[in-house]
> 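One structure follows; several queries about it will come next.
Every chain is numbered from 1 and lettered A, B, ... according to where its sequence line falls, protein lines coming before strand lines. Everything numeric in this text was worked out from a predicted model, so none of it was measured.
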2 protein chains.
Amino acid sequence: MARATIAEVAELAGVSQATVSRALRGVGKVAPKTRAKVEAAADRLGFTLSKSASSLASGKTMRVVLLFSGKLNEWFNANVLQGVCEVLEPEGYDVSPTFVTGRQETERYFAQLPKNRNADAIIISSFQLDESAREKLRVTDMPTVGVNIPAESFCDAAIGVDNYDGMSKAVRLLKSLGHQRIAFVVDYIPDDMVYSTSQRMEAFLEAAEQNGYDDEYAYVITADEHDAPLSKADLAAQLVAKLLSLPHMPTAICAETDQVAIAVIKELGKQQLHVPEDISVIGFDDADIAQAANLTTVRQNPLEMGRNAARKTLSLLRGQTPDASYESQEATLMLRDTTRRVATDRS
Amino acid sequence: MARATIAEVAELAGVSQATVSRALRGVGKVAPKTRAKVEAAADRLGFTLSKSASSLASGKTMRVVLLFSGKLNEWFNANVLQGVCEVLEPEGYDVSPTFVTGRQETERYFAQLPKNRNADAIIISSFQLDESAREKLRVTDMPTVGVNIPAESFCDAAIGVDNYDGMSKAVRLLKSLGHQRIAFVVDYIPDDMVYSTSQRMEAFLEAAEQNGYDDEYAYVITADEHDAPLSKADLAAQLVAKLLSLPHMPTAICAETDQVAIAVIKELGKQQLHVPEDISVIGFDDADIAQAANLTTVRQNPLEMGRNAARKTLSLLRGQTPDASYESQEATLMLRDTTRRVATDRS
DNA sequence: TTGTATGCGTTATCAA
DNA sequence: TTGATAACGCATACAA
């Protein structure tokens with residue numbers, strides 16, 4: 001392609017570069033006739049404004065970075081990304097998905113963050129950041145919005161699911177179904193990552209207490225500490241082993257996520273424990289796999305979170321304060337086939 | 001943040017701007033000592049090269065567009081994206097995910113493509129393009145690489161799964177298991193979208209023929225034409241209805257995708273037909289849901305396709321020809337719980 | 001190996 | 001409403 005410049009368009013249209021610029025961007029006062037001329041000329045030359053040149057001249061990069069903890073092909077992240085793109089791209093922004101896996105990469109990323117002037121804003125998803133990283137974020141002059149980030153935060157705005165709400169609903173369901181011993185199963189949680197998981201654990205315990213489960217009736221089962229991530233199958237094997245070696249086996253389990261729930265169900269099956277006949281299981285997320293496995297679960301909506309975060313970002317970018325800077329999404333219980341009223345032959 | 005410029009770094013380091021530029025990018029000849037000085041200065045100022053300015057000066061945008069048909073939260077797309085990002089981002093490229101859904105958006109996108117000089121390359125995934133769109137792509141001077149794109153193509157390079165290979169394996173499995181009547185179930189295929197689906201259908205028929213299935217022993221069941229996309233449940237209901245109204249019910253089904261396979265299995269269940277006891281089902285993809293549902297399926301690896309496409313893009317960007325411009329990924333049969341040897345009481 | 005000078009294609013300020 | 005013109009921050013050809 002011939003790469004036309006604004007100058008050629010100006011010449012063809014018989015106006016100045018400045019006018020072309022104004023006309024094409026739709027800013028400032030420009031006569032309808034002039035605009036038409038310019039647009040015709042631009043069209044004929046197959047001309048588009050150069051993003052690089054615009055950025056340089058205006059100081060706006062028209063880019064927003066979307067930082068994930070984990071991979072882009074994870075259900076949650078992919079949905080947030082889709083949501084963000086849906087609202088940001090029509091506004092002319094490029095979204096630049098980035099991801100870090102593990103502690104080291106995270107540190108490295110935040111270490112070099114302050115000097116990054118190559119984006120207008122940053123959206124960060126599902127991080128549990130240490131003080132040093134938070135500090136780095138604070139000193140950045142970029143608007144920062146968080147998705148599933150602790151509320152007492154260092155972000156200008158944030159959106160997340162209400163894990164407390166979600167776990168309460170799960171626990172109340174189990175209570176209604178007559179379950180007297182319940183457990184929360186969860187992978188080992190490194191203290192510096194994965195925010196939502198630890199919050200769900202706390203929420204489970206709190207909800208259990210509020211619903212009258214004493215300590216010995218509501219367990220938390222955690223995997224042993226490990227460095228390399230465990231396969232879900234291995235994790236489930238470990239968790240089920242711990243479950244089965246409990247003084248009293250619970251009749252219902254809440255899992256950290258759908259993934260873990262499904263892995264646990266498979267492992268239980270290997271031990272001839274059937275779900276939901278012998279034991280009920282509830283997941284968290286309502287990812288695609290939950291439907292495929294007919295899993296009762298607590299639904300969150302990362303797609304909508306992404307859209308919401310992007311809207312907040314847009315506000316910030318315009319120098320406004322978002323309507324509700326810190327928002328929390330209600331969680332929904334999805335009743336499917338892995339929960340059941342407890343057998344009546346127990347006291 | 002103070003936004004330092006290259007000039008300030010140069011001054012602090014006591015060298016020229018040009019030297020700073022060279023030192024920081026690691027190009028050209030620059031003395032180790034000088035480089036160290038420059039790096040120290042840059043570090044102290046919290047300086048990073050401005051992407052916009054670099055782009056403008058060099059003519060390279062350092063951006064590659066990744067165009068999807070469908071949403072970014074679909075399993076296939078999310079995986080391709082992850083793969084592409086994994087290899088492109090370490091090389092300093094921004095990947096800009098874009099998506100179009102439906103015919104109109106696609107047309108609009110390609111219509112304005114030729115004048116898009118805001119990327120160095122474009123990767124397009126899973127498109128079935130009409131001649132006009134192809135032409136637009138051809139006239140673009142950007143390197144173009146395809147993912148799951150017809151081979152006789154308008155791309156400089158491409159990678160895709162071998163749908164023929166995959167469907168052959170599926171059909172051969174069913175033959176080995178003694179199934180004598182088999183069917184392929186598929187959503188209505190608008191002739192201008194979804195490439196792989198129609199290819200799989202053809203591949204099924206071809207494989208069936210090669211394996212000795214006569215016409216009346218290998219059916220293709222297609223949904224009726226419709227404008228708005230059907231929910232998977234509705235689609236499955238329609239497909240199962242057609243299946244059940246066949247002169248002879250097949251004993252095994254190959255589905256277009258895992259999604260369709262799982263929806264069909266659920267619908268069959270509603271009709272008291274159990275999988276695999278009464279009928280075997282094979283999916284295609286091996287997405288997360290396939291594992292969750294214990295679905296026998298044909299595996300493709302979009303993550304690896306993404307990486308591969310990105311590597312090809314990199315080659316093209318460097319002016320080289322990729323080792324293998326057009327590659328095809330072998331498909332793998334994943335044997336799980338939805339297929340079974342046909343009951344022996346049939347002839 | 002380093003420095004000088006020019007240009008990249010816009011935007012934005014100021015006049016007209 | 002439009003036109004000059006000076007930035008914007010860097011890469012690169014060329015000279016030293």
Side-chain angles (χ1 to χ4, degrees), chain A residues 1-39 41-42 45-63 92 94 115-120 141 317, chain B residues 1-39 41-42 45-63 92 94 115-120 141 317:
Chain A
M1 291 304 303
R3 29 192 49 187
T5 75
I6 204 173
E8 304 177 43
V9 179
E11 189 179 344
L12 182 59
V15 297
S16 72
Q17 295 188 17
T19 301
V20 174
S21 175
R22 285 184 286 247
L24 257 28
R25 286 179 303 149
V27 306
K29 292 284 156 194
V30 34
K33 285 183 192 168
T34 314
R35 166 159 304 153
K37 266 197 309 189
V38 170
E39 276 168 355
L45 266 42
F47 170 83
T48 318
L49 291 171
S50 151
K51 223 154 187 159
S52 317
S54 301
S55 299
L56 184 56
S58 70
K60 270 97 176 50
T61 65
M62 295 307 281
R63 257 182 24 124
D94 275 355
K115 42 184 184 178
N116 192 331
R117 298 155 304 158
N118 290 316
D120 295 336
D141 55 353
L317 249 16
Chain B
M1 289 307 303
R3 27 192 49 184
T5 76
I6 204 172
E8 304 177 43
V9 178
E11 189 179 345
L12 182 59
V15 298
S16 72
Q17 293 188 17
T19 302
V20 174
S21 174
R22 285 183 286 245
L24 258 28
R25 287 180 303 145
V27 307
K29 290 285 156 192
V30 34
K33 286 182 194 170
T34 313
R35 166 160 305 155
K37 266 196 308 188
V38 170
E39 277 169 355
L45 267 42
F47 170 83
T48 319
L49 291 171
S50 150
K51 223 152 185 159
S52 319
S54 300
S55 298
L56 183 56
S58 69
K60 268 99 177 50
T61 67
M62 295 308 279
R63 253 179 30 121
D94 275 354
K115 44 183 182 175
N116 192 331
R117 298 155 304 156
N118 290 315
D120 296 336
D141 54 355
L317 247 16

> With sequence neighbours left out, which residue pairs that include part of residues 47-60 of chain A fulfil the salt bridge (Lys or Arg N to Asp or Glu O under 4.0 Å) condition?
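Checked against salt bridge (Lys or Arg N to Asp or Glu O under 4.0 Å) - neighbours excluded - the pairs reaching residues 47-60 of chain A are A:K51-A:D94.
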> How long is the span from the OG atom in A:S21 to the CD1 atom in A:I6, to the nearest 0.5 Å?
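The OG atom of A:S21 sits 4.5 Å away from the CD1 atom of A:I6.
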> Walk along nucleotides 7-16 of chain C from 5' to 3' and tag each nucleotide B, S or - by protein heavy-atom contact under 4.0 Å, base first, then sugar-phosphate.
BBBBSB----
> Over all heavy atoms of both residues, which pair between A:V9 and A:A42 is shortest? Give the atoms and the distance, please.
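Smallest heavy-atom distance, with atoms named: CG1-N, 3.9 Å.
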> Measure the CE-CG distance between A:M62 and A:L317 for me, rounded to the nearest 0.5 Å.
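Spacing of CE (A:M62) from CG (A:L317) equals 7.5 Å.
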> We want to know whether A:N118 and A:T61 form a side-chain donor-acceptor pair, criterion being a heavy-atom distance below 3.5 angstrom.
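A:N118 vs A:T61: no donor-acceptor pair found between side chains.
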> Atom CG of A:N118 to atom P of D:dC8: distance rounded to whole Å?
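From A:N118 CG to D:dC8 P: 17 Å.
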> Between atom NZ in B:K51 and atom C1' in D:dA11, what is the gap in whole Å?
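These atoms are roughly 16 Å apart.
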> Look at A:T19 and D:dG3 and indicate whether a side-chain polar atom (N or O) is within less than 4.0 Å of OP1 or OP2.
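Looking at the OP1 and OP2 atoms of D:dG3, one of them is under 4.0 Å from a side-chain N or O of A:T19.
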